Number of protein chains: 2
Amino acid sequence: MTRQRRLLIQIIQGADRHMDAFALWDRARNVDPTLNKVTVYRTLAMLKNYGLVDELDLMHLRGGKHYYEARATRDHIHLACLKCGSIQEFESSLFEKLKGQIERERRFSIRTVRVEAGGYCDKCRGQ
Amino acid sequence: MTRQRRLLIQIIQGADRHMDAFALWDRARNVDPTLNKVTVYRTLAMLKNYGLVDELDLMHLRGGKHYYEARATRDHIHLACLKCGSIQEFESSLFEKLKGQIERERRFSIRTVRVEAGGYCDKCRGQ
DNA sequence: GTATTTGCAAAAGCTTTGCTGCAAC
DNA sequence: GTTGCAGCAAAGCTTTTGCAAATAC
């Protein structure tokens, strides 16, 4: 494991929000200004492959780019507000049951699941 | 409603698989060779806006492009096989309950939901 | 006749690739 | 010393934009 990869992993795991490749690069450059954007993409590809990082689209709220987050111990759902752009996370045992149903009824072995809902958050729904 | 838009809507609704913008364009050109790719994108933007069409990523199995499908009467989940690339659709009352839970507990008004699972289908899981 | 839609060309955005040199072990 | 990783520049793909001409009603 190289120094730069360790740095990127650290940034993803410590992120307080969902970051895209450019944002990750930007944050990494504060620590190591020589780090190239291509290295970000190559590291992300590796981490996705090992299942350490999940790739999100967040309902394309801000164009076609992808967002990344360290894989959590428990899967969660992303709720994207189409008005204010806020992202909420939601965990539910129903979601766990749903995954179990898919595995059983379709004999489909799930490796990653992505649930994204677009709509209006509590603050924006009345407006 | 213009002729070209009607044609594109017809193609999306009659599609036997999930199509990306290029595939839609290609099919539309068989009928009207003057139809421009930009018109495809503009029509899709309109249809997404009206909630008549859903945009999918299918777990980025084939890069960052988007796939489109006419909105069904009932939401469904997409299961993308990481090995053979097959796409299955899955409906479940648990999914409906999960949506209800989100609406209630977070007071989040859902407009579109996308559930995509990547993994191994029955045929590929043993291999 | 007015408003909206289309084609064309070009730009924009994000991501990937080829190759050479550098770093890790 | 061998193997794999990083930097650089350039290409690749999908999608969006600006503007003049064409179409719809």
Side-chain angles (χ1 to χ4, degrees), chain A residues 1-12 15 17-50 52-69 80 85 114 116 118, chain B residues 1-12 15 17-50 52-69 80 85 114 116 118:
Chain A
M1 180 66 67
T2 64
R3 189 176 44 80
Q4 299 199 327
R5 288 192 181 174
R6 268 194 300 272
L7 171 58
L8 285 167
I9 291 168
Q10 202 179 348
I11 289 171
I12 296 171
R17 60 192 171 85
H18 300 101
M19 297 175 81
D20 62 21
F22 186 90
L24 286 169
W25 182 43
D26 213 49
R27 201 167 278 190
R29 277 189 298 176
N30 287 336
V31 180
D32 178 355
T34 74
L35 194 150
N36 196 280
K37 195 165 28 166
V38 177
T39 299
V40 175
Y41 282 106
R42 287 199 270 232
T43 303
L44 285 171
M46 184 200 68
L47 294 172
K48 276 189 284 178
N49 239 301
Y50 283 115
L52 300 173
V53 154
D54 285 318
E55 190 172 47
L56 310 170
D57 298 278
L58 301 179
M59 296 309 277
H60 308 130
L61 238 56
R62 311 208 198 294
K65 66 185 153 194
H66 302 145
Y67 296 87
Y68 300 91
E69 68 178 10
R114 183 163 62 218
E116 299 181 350
Chain B
M1 179 66 67
T2 64
R3 191 176 42 81
Q4 300 199 326
R5 287 190 182 174
R6 268 194 301 271
L7 170 58
L8 285 166
I9 291 168
Q10 203 179 347
I11 290 172
I12 295 170
R17 59 193 172 84
H18 301 100
M19 299 174 80
D20 62 22
F22 187 91
L24 286 169
W25 182 44
D26 213 50
R27 201 168 277 190
R29 275 189 300 176
N30 288 336
V31 180
D32 179 355
T34 74
L35 195 150
N36 195 280
K37 197 166 23 167
V38 176
T39 300
V40 176
Y41 281 107
R42 286 197 271 231
T43 303
L44 285 171
M46 184 200 68
L47 294 172
K48 275 188 286 178
N49 240 301
Y50 283 115
L52 299 173
V53 154
D54 285 318
E55 190 172 46
L56 310 169
D57 298 278
L58 301 179
M59 296 308 278
H60 308 129
L61 239 55
R62 312 208 197 293
K65 67 184 153 195
H66 303 145
Y67 297 86
Y68 301 90
E69 70 178 8
R114 185 164 60 219
E116 299 180 350

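All values reported here derive from a predicted model rather than from experimental measurement. Letters go in sequence order (proteins before strands), and every chain restarts at 1. Values reported hereafter were calculated over all heavy atoms of this structure, with side chains retained and with hydrogens, waters and symmetry mates removed.
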Any cation-pi pair here, A:Arg27 with A:Trp25, using under 6.0 Å and within 45°?
-> no
Take the protein atom [atom1] of [X] and the nucleotide atom [atom2] of [N], then report the distance between them rounded to whole Å.
X	N	atom1	atom2	result
A:Phe22	C:dT16	CZ	P	17 Å
A:Trp25	C:dC14	CH2	C1'	13 Å
A:Asp57	C:dG13	CG	C1'	15 Å
B:Lys65	D:dT16	NZ	P	15 Å
A:Met1	D:dA6	CE	C1'	15 Å
B:Leu56	D:dT14	CG	P	17 Å
B:Glu55	D:dT15	CD	C1'	10 Å
A:Leu44	C:dT17	CG	P	14 Å

Nearest-nucleotide 5' precedence on DNA chain D, A:Met46 against B:Gly64 = A:Met46
Between B:Arg3 and B:Tyr67, which is nearer to the 5' end of DNA chain D once each is assigned its nearest nucleotide?
-> B:Tyr67
Please determine if a side-chain N or O atom of [X] lies less than 4.0 Å away from the OP1 or OP2 oxygen of [N].
X	N	result
B:Thr39	C:dT5	no
B:Tyr41	D:dT16	no
B:Gln4	C:dG7	yes
B:Thr34	C:dG7	yes
A:Arg5	D:dC5	yes
B:His66	D:dT14	no
B:Thr2	C:dT4	no

With respect to the side chain of B:Arg42, which nucleotide from D:dG7, D:dT14, D:dG18 is positioned closest?
-> D:dG18
Output yes when A:Lys48 and A:Asp54 qualify as a salt bridge under the 4.0 Å nitrogen-oxygen rule, no when they do not.
-> no
Contact nearer the 5' end of DNA chain C, comparing A:Lys37 with B:Asn36 | B:Asn36
Do the non-hydrogen side-chain atoms of B:Glu69 and B:Met19 ever get within less than 4.5 Å of each other?
-> no
Taking atom types as modelled, find out whether B:Asp57 and A:His60 have a side-chain donor-acceptor pair closer than 3.5 angstrom.
->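 Side chains of B:Asp57 and A:His60: pair found under 3.5 Å.
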Ignoring hydrogens and angles, state whether a donor on the side chain of B:Glu55 or B:Tyr67 is under 3.5 Å from an acceptor on the partner side chain.
->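 The answer is no; no qualifying pair exists.
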Look at all strands and tell whether A:Ala45 reaches a base, only sugar-phosphate, or nothing, counting heavy atoms closer than 4.0 Å.
-> nothing
